[in-house]
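Not measured: the values here are computed from a predicted model.
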Amino acid sequence: MKTETIRLALEWIPNTNHTGFYTAIENGYYADEGLNLSIFMPDDHGDGRDWLLQGKADFAITEQMSLSDVFVKDQQTPLVAIAALTDHNLSGLLTNHQISRPKDLTGNTYATFGYPTEQAIIRDTINADGGDYNQVTIVPNDMIFDPVKDLADQKYDGIFVYHHWEGLMARLSDENEDYHFYYVKDYVPEFDYYTPVLAANTHFFWESTATLPDDF
């Protein structure tokens, strides 16, 4: 059987959002279909979305908000989400002990990744809980970061992360900090969108539809 190499870019360092891909490789599921799945982390530790656009990856794990921000700028961007990795949105606010619910970020500090969609989600979550986003201090967050330690060091009071990665890291942390996690979908039901997702470059996807196994 001829083997075809498929390049998959991660949206961050290998973590629990990627477990299924590594398990499938370990169990030989891709090899059984004639595929060699090559997984890599973008050099800038950033979003695999940009690697799709540059043709450096065939598929990428990314976030809905990342795709949304691209389509707002250009609706003809050659990207498409083709699968959800989870049934529900597992992202939310990870905070330190000072924040007992999202509205408590009013008058405190939130670290942003810089996505307009992300900031809108956090704004609506805080406001839906009775807070005032306009009174939140917004600071930039480095892409090379340890939110668990940063929160304990009081670099900021809240950040937008995934429960099954940074949320679990906080729960297992040895830091002297009482962390809290709040799903955004619990405050704004419309935020129960699919994320993370598996995305593809549309040019590669449609060209490869005829050759990739049906089960892929």
Side-chain angles (χ1 to χ4, degrees), residues 1-91 113-115 117-118 141-148 159-169 172 193-216:
M1 178 187 299
K2 181 182 177 182
T3 300
E4 181 173 358
T5 296
I6 301 295
R7 302 167 299 171
L8 173 65
L10 304 182
E11 93 283 13
W12 189 239
I13 60 175
N15 62 62
T16 49
N17 287 333
H18 316 140
T19 302
F21 295 99
Y22 287 103
T23 300
I25 291 175
E26 183 71 21
N27 286 280
Y29 298 152
Y30 294 117
D32 290 345
E33 299 295 335
L35 296 174
N36 172 37
L37 184 64
S38 175
I39 299 178
F40 67 95
M41 181 175 63
D43 291 341
D44 58 0
H45 298 271
D47 195 331
R49 173 201 71 187
D50 294 335
W51 285 63
L52 281 180
L53 289 171
Q54 297 168 22
K56 296 179 179 179
D58 305 312
F59 296 92
I61 300 171
T62 186
E63 293 86 20
Q64 284 276 25
M65 65 181 184
S66 177
L67 294 178
S68 297
D69 287 337
V70 170
F71 287 125
V72 166
K73 298 173 184 176
D74 181 3
Q75 294 185 5
Q76 303 304 313
T77 299
L79 297 179
V80 60
I82 61 173
L85 271 61
T86 60
D87 292 336
H88 294 280
N89 184 357
L90 300 180
S91 63
F113 292 95
Y115 292 121
T117 304
E118 166 222 355
N141 172 57
D142 253 342
M143 290 305 290
I144 309 301
F145 77 118
D146 181 349
V148 174
I159 190 168
F160 195 33
V161 299
Y162 284 109
H163 176 269
H164 284 23
W165 183 239
E166 291 91 351
L168 292 182
M169 288 171 61
L172 300 172
Y193 52 84
Y194 293 123
T195 195
V197 295
L198 180 65
N201 183 299
T202 53
H203 300 313
F204 165 82
F205 184 70
W206 294 119
E207 289 173 1
S208 303
T209 300
T211 59
L212 287 174
D214 292 339
D215 292 341
F216 187 78

Are T86 and Y194 packed together at the side-chain level, in the sense that at least one heavy-atom pair is separated by less than 4.5 angstrom? no
Side chain T77, main chain L79, donor-acceptor under 3.5 Å: no
Please report the closest heavy-atom contact between A57 and L52, naming both atoms and the distance. O-CD2, 3.4 Å
Looking at L67, is its backbone amide N or carbonyl O close enough to the side chain of R49 to form a donor-acceptor pair, meaning the two atoms are under 3.5 Å apart? no
Can F21 and L198 be said to form a side-chain contact (heavy atoms from CB on, under 4.5 Å), step by step? CA-CA 11 Å; F21 295 99; L198 180 65; 4.2 Å; yes
Nearest-0.5 Å distance that lies between atom OG1 in T117 and atom CZ in F160: 10.0 Å
When you compare the side chain of S91 with that of H163, does any pair of heavy atoms fall below 4.5 Å? no
CG/D87: more than 12 non-hydrogen atoms of other groups inside 6.0 Å: no
Show the nearest heavy-atom pair for residues N15 and I13, with the distance to one decimal. ND2-O, 2.9 Å
Specify the closest pair of heavy atoms between A81 and V197, including all atoms of both residues, with the distance to one decimal. CB-CG2, 4.1 Å
Crowded around Y193 OH? As in, over 12 foreign heavy atoms under 6.0 Å? yes
What do you reckon, is CD of Q54 surrounded by more than 12 foreign heavy atoms closer than 6.0 Å? yes
Nearest-0.5 Å distance that lies between atom CG in N89 and atom OG1 in T195: 6.0 Å
Please report the interatomic distance CG(L35) to OH(Y29), rounded to the nearest 0.5 Å. 15.0 Å
With heavy-atom distances below 4.5 Å as the criterion, would you say the side chains of N201 and F59 are in contact? no
What's the shortest heavy-atom distance between E11 and T62, and which atoms? CB-CA, 4.1 Å
Side chains of Y162 and N17: closer than 4.5 Å at any heavy-atom pair? yes
Got a second to check how far L85's CG is from H164's NE2, nearest 0.5 Å? 12.0 Å
Please find the pair of heavy atoms, one from W51 and one from A9, that lie closest to each other, and give the distance. CB-CB, 4.5 Å
Quiz question: by atom type and distance under 3.5 Å, do the side chains of R7 and S38 form a donor-acceptor pair? no
Any donor-acceptor N or O pair under 3.5 Å, side chains T5, N36: yes
Find the distance between CD (E33) and OG1 (T3) and round it off to the nearest 0.5 Å. 11.5 Å
Just by modelled atom types, is the T19 backbone N or O under 3.5 Å from a matching donor or acceptor in the T23 side chain? yes
L10 vs I39 side-chain heavy atoms within contact, under 4.5 Å: yes
Taken to the nearest 0.5 Å, the spacing of Y115 OH from Q64 CD works out to 13.0 Å
Would a distance-only check, ignoring hydrogens and angles, find a side-chain to backbone donor-acceptor pair under 3.5 Å from E166 to P147? no
